[in-house]
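This structure is a prediction, so every number in the text was calculated from the model and none was measured.
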Number of protein chains: 2
Amino acid sequence: MFKEAFRTVGHMNDEPRWLTAEEQLVWRSYIEAATLLEDHLDRQLQRDAGMPHVYYGLLVKLAESPRRRLRMTELAKYAKITRSRLSHAVARLEKNGWVRREDCPSDKRGQFAILTDEGYEVLRRTAPGHVNAVRQAVFDRLSPEQQKSLGEIMRIVAEGLQPSEAGADLPWLR
Amino acid sequence: MFKEAFRTVGHMNDEPRWLTAEEQLVWRSYIEAATLLEDHLDRQLQRDAGMPHVYYGLLVKLAESPRRRLRMTELAKYAKITRSRLSHAVARLEKNGWVRREDCPSDKRGQFAILTDEGYEVLRRTAPGHVNAVRQAVFDRLSPEQQKSLGEIMRIVAEGLQPSEAGADLPWLR
DNA sequence: CTCCATTACTTGAACTCTCAATCTCTATCC
DNA sequence: GGATAGAGATTGAGAGTTCAAGTAATGGAG
């Protein structure tokens, strides 16, 4: 991005590897789609479920977990957000009565976030509409090959950004 | 998302079309990668350029525009954000001295956002680092075919979410 | 020329997110 | 067992975003 504007400027020739024209187009498309999509889903869920997309994701993770509960740090890890952000989010969801906290008996520092029945009910009511929105925006528009491809690509990108998944507990191997 | 939990519940059989197992994996990968990526770039730019990714994008659009200026609405359209959001953003960028506003002579309601020399300088200084971050996170990890594929896919998704691009001025055709 | 629906943009309040503390508890080292 | 580095989680302040409501100018229609 931002190649042409500088082409005639620098001559120290440690010129950075600017994106090619094709790469720029790809990147632009990605940014646009990601922005529009997140926006779209945020609005859809804000309207129909009274929460942003991230919060909805948290409820889903909890619903999928044994006993509908997860330690805060676990939940943060799964949702790819910071603990701080999660703290604020859970505080809000707690206020809504969709999540409650419970102390971890084995580690007094720990907290469980637990999906309440009310929270589960919200999911049950709004999940169909949300799946539908996702379908309409994404899956209904892509061929099976494209869907597969998208999955592979995004898995690669995600892994590259993961705070060292494999060997995370073996730091000397890095 | 959130399929299994309900499989045994509803029997009115207007059952929504839940995502298949494969679709769920794709969707999960997408969300994770998009979250991690936007986060990563936000941090990178906040650290090196003192602004979030969206703001950086605004400066880039301005830099690419004739006379380094764009009407507010145009800029908002290109960046896929609301006018409100843009107003706040430009206010901030103005405070930094990276953008200034100017009245539109032909339409007294209109405003130009204009990239200042200082703003241009910030871009010049920080663009290489940012391109590098994007390469590392995305392009260096994908094969040419995957890059091409990503571009096509995201273009399709973006077009589907566009507030009616084609025929936007011919509403009766919709 | 006068309405007035529409367009361009801004504003403020409520909400969300980030970042840098902070607090408590755990585990390790000797 | 006492010191202390680190882990788990929260907090508050500042920055960014959304949403609804606002101001001001435009462009027809009659």
- Query: Where each residue is assigned the nucleotide of DNA chain D containing its nearest heavy atom, which of A/H88 and A/D42 is assigned the position nearer the 5′ end?
  - Reply: A/H88

- Message: For A/T116 versus A/R100, what's the shortest heavy-atom pair and its separation?
- Response: CG2-N, 3.9 Å

- Query: What integer distance in Å separates A/E94:CD from D/dT11:C1'?
  - Reply: 15 Å

- When you match B/R85 and A/R85 each to their closest nucleotide on DNA chain C, which lands nearer the 5' end? B/R85

- Separation of B/R92 atom CZ from D/dT18 atom P, in whole Å? 16 Å

- Grab the CG-C1' distance between A/D107 and D/dT10 for me, whole Å please. 15 Å

- Message: With nearest nucleotide decided by heavy atoms, which residue, A/R109 or A/P52, maps closer to the 5′ end of DNA chain C?
- Response: A/P52

- Query: Does CZ in A/R47 sit with more than 12 non-hydrogen atoms of other residues, nucleotides or ligands closer than 6.0 Å?
  - Reply: yes

- Message: Ignoring hydrogens and geometry beyond distance, is the side chain of A/S84 in donor-acceptor contact with the base of C/dC19 at under 3.5 Å?
- Response: yes

- Item | Nearest-angstrom distance from the residue atom NZ of A/K80 to C1' of C/dT18 | 19 Å

- Task: Check the distance between C/dC17's C1' and A/L86's CG and give it to me in whole angstrom.
- Result: 13 Å

- Task: Please confirm whether B/R101 makes a cation-pi placement over B/F112, using NZ or CZ under 6.0 Å from the six-membered ring centre and within 45° of the ring normal.
- Result: no

- Item | Whole-Å gap separating P (C/dT16) and CD (A/E38) | 14 Å

- Atom-pair distance (CD on A/E102; C1' on D/dG8), nearest Å: 17 Å

Only pairs under 3.5 Å count here: list side-chain donor-acceptor contacts from residues 149-156 of chain B, not counting sequence neighbours, and write none if there are none.
from: B/S149; atom 1: OG; to: A/S149; atom 2: OG; distance (Å): 3.0
from: B/R155; atom 1: NH1; to: A/S29; atom 2: OG; distance (Å): 3.0

